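Okay, structure first, notes after.
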Amino acid sequence: MKSYCFQKLGLDSYAVEAYSGVAAKNVNGITIHSFLKIPPKPQYFRDLNGSPIARIAAENNSKKAFSCTDDMANGLSNVLYLALNSRIMLRKNLNVSMGLVNGALGTITDIIYAKGCRPPQLPLFVIVQFDDHDGFEALDGNVPIRASQADWYVSRSHCTRAQFPLS
């Protein structure tokens with residue numbers, strides 16, 4: 001629908017949308033989304049089975065931190081899309097002796113939020129069943145993952161990002 005509108009308006013060479021749903025280009029100071037009155041994307045999407053997919057936004061301490069790449073933030077993404085039963089990869093060594101290392105693969109079995117919270121806020125835990133890890137007996141072999149924080153400097157500005165070390 002949007003691409004059809006853009007072509008009819010002659011904006012096809014200007015209309016670019018970031019995957020996050022934020023208008024990446026504007027014409028004469030007006031974003032494509034505001035010009036066409038396109039509402040922001042919902043915080044929940046649905047997978048092919050109708051299960052919700054949560055859009056999880058990182059917590060950045062500044063606009064400068066938000067604009068930095070995942071690599072600058074030690075692999076922490078600005079946005080994650082998480083769903084029950086989705087496959088994930090751990091992007092940080094959490095406990096080497098237990099096999100919870102960068103590159104470990106697993107499946108999300110639960111996403112736990114604080115009371116009154118929901119996407120795009122960070123959950124308290126993402127519960128994962130790792131392929132090559134026995135997990136915790138009390139959690140039926142699952143492992144609770146907490147958000148990690150990265151700290152770095154850009155032009156003498158201290159930047160932080162909190163997000164789950166998953167992809």
Side-chain angles (χ1 to χ4, degrees), residues 2 17-24 31 33-34 38-154 157-167:
K2 281 194 282 185
E17 181 185 351
Y19 77 93
S20 64
V22 177
T31 66
H33 285 82
S34 64
I38 298 171
K41 290 187 177 180
Q43 299 306 323
Y44 287 102
F45 299 97
R46 301 264 176 205
D47 67 11
L48 295 176
N49 297 319
S51 298
I53 300 172
R55 180 183 184 276
I56 309 298
E59 293 177 356
N60 293 285
N61 72 330
S62 65
K63 288 181 182 180
K64 190 172 279 194
F66 176 81
S67 67
C68 288
T69 65
D70 296 359
D71 289 337
M72 293 176 79
N74 294 332
L76 299 179
S77 300
N78 258 320
V79 176
L80 285 176
Y81 293 92
L82 304 177
L84 296 181
N85 301 312
S86 64
R87 298 287 292 163
I88 57 90
M89 181 175 66
L90 190 59
R91 297 192 63 188
K92 178 181 180 179
N93 290 340
L94 296 180
N95 189 321
V96 176
S97 65
M98 293 178 68
L100 298 175
V101 296
N102 186 11
L105 298 174
T107 303
I108 294 177
T109 58
D110 206 352
I111 301 171
I112 301 174
Y113 286 90
K115 185 176 181 178
C117 293
R118 62 184 213 155
Q121 296 168 314
L122 288 176
L124 294 174
F125 297 99
V126 175
I127 310 298
V128 177
Q129 174 69 59
F130 284 97
D131 297 351
D132 297 322
H133 183 274
D134 291 335
F136 298 101
E137 190 175 325
L139 297 173
D140 294 325
N142 293 297
V143 177
I145 306 294
R146 294 190 87 150
S148 295
Q149 182 168 309
D151 294 276
W152 70 100
Y153 285 87
V154 175
S157 294
H158 181 243
C159 296
T160 65
R161 179 177 297 164
Q163 181 61 283
F164 289 86
L166 304 171
S167 64

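Reckoned from all heavy atoms, side chains included, excluding hydrogens, waters and symmetry mates. If you're wondering where the values come from, they're calculated on a predicted model, not measured in any experiment.
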>> Donor-acceptor pair, distance only, cut-off 3.5 Å: does the side chain of N78 make one with the backbone of F66?
In response: yes
> If every non-hydrogen atom of L82 is compared with every non-hydrogen atom of I111, which pair is closest and at what distance?
Replying inline: CB-CD1, 3.9 Å
> Per the side-chain contact (heavy atoms from CB on, under 4.5 Å) rule, which among N74, T160, N61 passes with Q149?
Replying inline: T160
>> Quick check on N95: does its CG atom have over 12 non-hydrogen neighbours (other residues, nucleotides or ligands) under 6.0 Å away?
In response: yes
>> I need the single residue from D110, T107, T109 that forms a side chain to side chain donor-acceptor pair (under 3.5 Å) with N142. Which is it?
In response: T109
>> Treating N93 as the side-chain partner and N102 as the backbone partner, does any N or O pair qualify as donor plus acceptor under 3.5 Å?
In response: yes
>> Between L90 and V101, does the side-chain contact (heavy atoms from CB on, under 4.5 Å) criterion hold? Intermediate values first, please.
In response: CA-CA 7 Å; L90 190 59; V101 296; 5.9 Å; no
> In Å, rounded to the nearest 0.5 Å, how long is the span from CD1 of I53 to CG of L84?
Replying inline: 10.5 Å
> If every non-hydrogen atom of S77 is compared with every non-hydrogen atom of R161, which pair is closest and at what distance?
Replying inline: O-CD, 3.9 Å
> Would you call V143 and M98 a side-chain contact if the rule is heavy atoms closer than 4.5 Å?
Replying inline: no
> Where do L76 and Q163 come nearest, in terms of heavy atoms and distance?
Replying inline: CD2-O, 3.6 Å
> Going from CD1 on I112 to CZ on F125, what distance comes out if it is rounded to the nearest 0.5 angstrom?
Replying inline: 7.0 Å
> Minimum heavy-atom separation for Q129 to D140, with atom names?
Replying inline: OE1-O, 3.6 Å
> Who are the salt bridge (charged side-chain N to carboxylate O under 4.0 Å, His left out) partners of D131, not counting sequence neighbours?
Replying inline: R87
> What heavy-atom pair brings R146 and F164 nearest, and what distance separates the two atoms?
Replying inline: C-CE2, 3.5 Å
>> I need the minimum non-hydrogen distance between S148 and K92, along with the two atoms involved.
In response: OG-NZ, 3.3 Å
> If you measure from OG on S167 to CD1 on I88, what distance do you get to the nearest 0.5 Å?
Replying inline: 7.5 Å
